[in-house]
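Heads up: the structure comes next, in structure tokens.
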Amino acid sequence: MSLYKVVYYNNLKMMSRMFLNNVKSKIKVKNPIVDCDGDEMARIIWKMIKDKLVLPYLDINIKYFDLGIQNRDATDDKVTIQAAKAIEEFKVGVKCATITPDLARQKEFDLKQLWKSPNATIRNYLEGTVMREPIMIKNIPKLIPTWKKPIVIARHAHADQYKATDINIPSPGTLQLRFIPDDDSSVQSWDVAKFSSQGVALAMFNTHKSIKGFAESCFAYSLSRKMPLFLTTKSTVLKTYDKAFTDGFNEIYDKYKAEFEKNGLLYEHRLIDDMVAQVIKGEGGYVWACKNYDGDVMSDLVAQGFGSLGLMTSVLISPKGVFEAEAAHGTVTRHYRVHQKGGETSTNSIASIFAWTRALSHRAFLDGNKELEAFSAHLEKLVIDTVESGKMTKDLALIIHGDKIERQHWLSTEEFINEVAIRFNKK
Ligand SMILES: NC(=O)C1=CN([C@@H]2O[C@H](COP(=O)(O)OP(=O)(O)OC[C@H]3O[C@@H](n4cnc5c(N)ncnc54)[C@H](OP(=O)(O)O)[C@@H]3O)[C@@H](O)[C@H]2O)C=CC1
Ligand SMILES: O=C(O)CCC(=O)C(=O)O
Ligand SMILES: [Mn+2]
């Protein structure tokens, strides 16, 4: 079995029918799923999804880890690494968006320290590639009208800025980079900068092993989806660092070249600035392999271009044979502030629902559980049917109605999830 298998439903209607025809009682799920809870509006959505769309239908052993900021602080962030290890053990995890604290958050929650990003901790532990793909829904116009087919961002999930040493330079002086080999060869050092006043510096790294693992997952994934692959870097500027990516991909491509050509698929390296311009004028329909930071930024751009951050799925596929699903967006703090004041919110829960369906379908695939596979497909179909019937959250309604939007055009956060749940019960 390929380590990089991702289940996609080509025939949602047929799978959904299978669910309706066959499922009489709660579906038994043999092996556990690791559930990582999160923060703010995302946490509120998470609970509603579990209570209304998942737990009533599944007899499932959920290994729960509370990655909410208060519990990470209370456990000195040990809970995050425990969650990563549990995902490694049970092979399938699903994660709610979490706060990565900055100084303002430290003050807000009276945190012991500025804990690291839980996403970076988990992804660095599991390694692998984050595949981000927009959910395309017929009646939601794309903000970038030239886009006709999905653009899948394949984001290298290991290191670079997300495992960097990120420091203040307190006074004038010389900054050096040193490499001390484990064997007897001599120490090497490089002068990075001569500071005449205070400043900042960053040291980041990656490994050839991780880069080649990234390349492997991108080629395997592109082939399985029959989509061309583009890798972007700034190798003209980072002549050594980014060349490690172009060389690593070329090496792995040798293995895939014949299959790519047989399927009429293209692999090409492009400079990132050239690519961003091409992306806007092209029609989509490819996998875009991005370095870690580029993938973070570009996936939000692509998500918004296709409609909303609430429609961007995100799955981590790891060479350890492990799978983690999440939404690409964050905790949606601006909406949460409204909720805290008792106001009505309309936060899109679709990407979080799809985090659950993608994790469950991977569980189904690993366990050979056809009923669970049909359940996940059915839930995805209900969500899409709900939006196609005109019932949606405000982010989507705004794309359709623009400044003519009225209250009747959209549902609140809870109303949308209730609407999906009602459809479930109608059968
Ligand atoms: N995977 C993770 O765990 C991630 C966590 N974060 C964390 O999330 C927190 C908030 O980050 P922030 O930069 O505001 O990014 P968010 O992605 O949470 O939100 C940014 C804006 O995008 C729109 N948006 C995002 N998701 C949705 C949705 N589901 N439905 C409707 N609109 C949506 C909203 O726009 P509008 O206000 O215009 O409606 C929102 O204010 C931070 O603490 C950050 O650390 C951030 C990214 C990923
Ligand atoms: O981990 C974080 O702080 C941000 C994560 C993020 O933005 C993403 O996964 O897209
Ligand atoms: Mn991001």
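Only a predicted model underlies this, so the values are computations on that prediction, with no experimental measurement involved. Note that ligands are numbered from 1 as they come in the structure, with each ligand's atoms numbered from 1 the same way.
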Could you check ligand 1 for N or O atoms lying under 3.5 Å from protein N or O atoms and list the pairs with distances?
| from | atom 1 | to | atom 2 | distance (Å) |
| --- | --- | --- | --- | --- |
| ligand 1 | 3 (O) | K95 | NZ | 3.3 |
| ligand 1 | 3 (O) | T98 | N | 3.0 |
| ligand 1 | 3 (O) | T98 | OG1 | 3.4 |
| ligand 1 | 3 (O) | N119 | ND2 | 2.9 |
| ligand 1 | 8 (O) | T331 | N | 3.0 |
| ligand 1 | 8 (O) | T331 | OG1 | 3.3 |
| ligand 1 | 17 (O) | G330 | N | 2.8 |
| ligand 1 | 18 (O) | G330 | N | 3.3 |
| ligand 1 | 18 (O) | T331 | N | 3.2 |
| ligand 1 | 18 (O) | V332 | N | 2.8 |
| ligand 1 | 29 (N) | H329 | NE2 | 3.3 |
| ligand 1 | 29 (N) | N348 | O | 2.8 |
| ligand 1 | 30 (N) | N348 | N | 2.9 |
| ligand 1 | 37 (O) | R334 | NE | 2.9 |
| ligand 1 | 37 (O) | R334 | NH2 | 3.4 |
| ligand 1 | 39 (O) | H335 | NE2 | 2.8 |
| ligand 1 | 41 (O) | R334 | NE | 3.3 |
| ligand 1 | 41 (O) | R334 | NH2 | 3.1 |
| ligand 1 | 43 (O) | R105 | NH2 | 3.2 |
| ligand 1 | 45 (O) | T100 | N | 3.0 |

### Query
Can K391 and E415 be counted as an ion pair, charged N to O under 4.0 angstrom?
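No, no charged N to carboxylate O under 4.0 Å.
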Would you name the heavy atoms of [X] and [Y] that are closest together and state the gap between them?
| X | Y | value |
| --- | --- | --- |
| E326 | N119 | OE1-OD1, 3.7 Å |
| R72 | L67 | NE-O, 2.6 Å |
| W356 | I49 | CD1-CG2, 3.8 Å |

### Message
Nearest non-hydrogen contact with atom 3 (O) of ligand 2 belongs to which option: V297, T98, T100?
### Response
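The residue whose heavy atom sits nearest atom 3 (O) of ligand 2 is T100.
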### Message
Looking at non-hydrogen atoms alone, which of E326, H329, R155 comes nearest to atom 8 (C) of ligand 2?
### Response
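Among E326, H329, R155, the closest heavy atom to atom 8 (C) of ligand 2 belongs to R155.
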### Query
Polar-atom distance check: S299 versus ligand 2, any N or O pair below 3.5 Å?
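Between S299 and ligand 2 (N or O atoms, distance only) the closest approach is not under 3.5 Å.
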### Query
Hey, is A328 touching ligand 2 through its side chain, its backbone, both or neither, going by heavy atoms under 4.0 Å?
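Only the backbone of A328 comes within reach of ligand 2.
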### Query
What's the verdict on side chain to side chain donor-acceptor pair (under 3.5 Å) for W46 and D35, showing C-alpha distance, side-chain angles and the deciding distance?
CA-CA 10 Å; W46 209 246; D35 166 16; 2.9 Å; yes
### Query
Atom CE in M392, atom OG1 in T386: separation rounded to 0.5 Å?
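OG1 of T386 is found 10.5 Å from CE of M392.
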### Message
Under a 4.0 angstrom heavy-atom cut-off, which atoms of ligand 2 come close to N119?
### Response
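The atoms of ligand 2 under 4.0 Å from a heavy atom of N119 are 1 (O), 2 (C), 5 (C).
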### Query
Numbering the atoms of ligand 2 from 1, which are under 4.0 Å from a heavy atom of R132?
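Counting from 1, the qualifying ligand atoms are 8 (C), 9 (O), 10 (O).
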### Query
Among protein heavy atoms, which lies nearest atom 1 (O) of ligand 2, and at what distance?
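For this ligand atom, the closest protein heavy atom is S117 OG, 2.6 Å.
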### Query
Considering only the protein, which heavy-atom contact is closest to atom 7 (O) of ligand 2, and what is its distance?
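Checking every protein heavy atom, the shortest distance to atom 7 (O) of ligand 2 gives D296 OD1, 3.1 Å.
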### Task
Assert yes or no for the condition that the ring centre distance of F375 to H378 is strictly below 6.0 Å.
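They do not qualify: ring centres at least 6.0 Å apart.
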### Query
Given the side-chain rings of F424 and Y57, with only the six-membered ring counted for Trp, is the space between their centroids under 6.0 Å?
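Under 6.0 Å, so yes.
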### Query
Looking only at heavy atoms of K95, does any of them come nearer than 4.0 Å to an atom of ligand 2?
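In this structure, K95 fails to qualify as a contact of ligand 2 - no heavy atom is under 4.0 Å.
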### Query
Does K116 have a non-hydrogen atom less than 4.0 Å from ligand 2?
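Distance cut 4.0 Å: K116 fails for ligand 2.
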### Message
If you count every heavy atom of other residues, nucleotides or ligands that lies below 6.0 Å from K148 atom NZ, does the total exceed 12?
### Response
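For K148, atom NZ is crowded (more than 12 foreign heavy atoms under 6.0 Å).
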### Task
Please find the N/O/S atom of D296 nearest to the Mn ion (ligand 3) and write down its name.
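Of the nitrogen, oxygen and sulfur atoms in D296, the Mn ion (ligand 3) lies nearest to OD1.
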### Query
Do we get K320 above Y125's six-membered ring, with its NZ or CZ under 6.0 Å from the centre and within 45° of the axis?
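Output yes; distance and angle both within limits.
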### Query
According to the interplanar angle, ranging from 0 to 90°, do the rings of Y256 and F260 count as parallel (below 30°), tilted (30 to 60°) or perpendicular (above 60°)?
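Because their plane-to-plane angle is over 60°, the rings of Y256 and F260 count as perpendicular.
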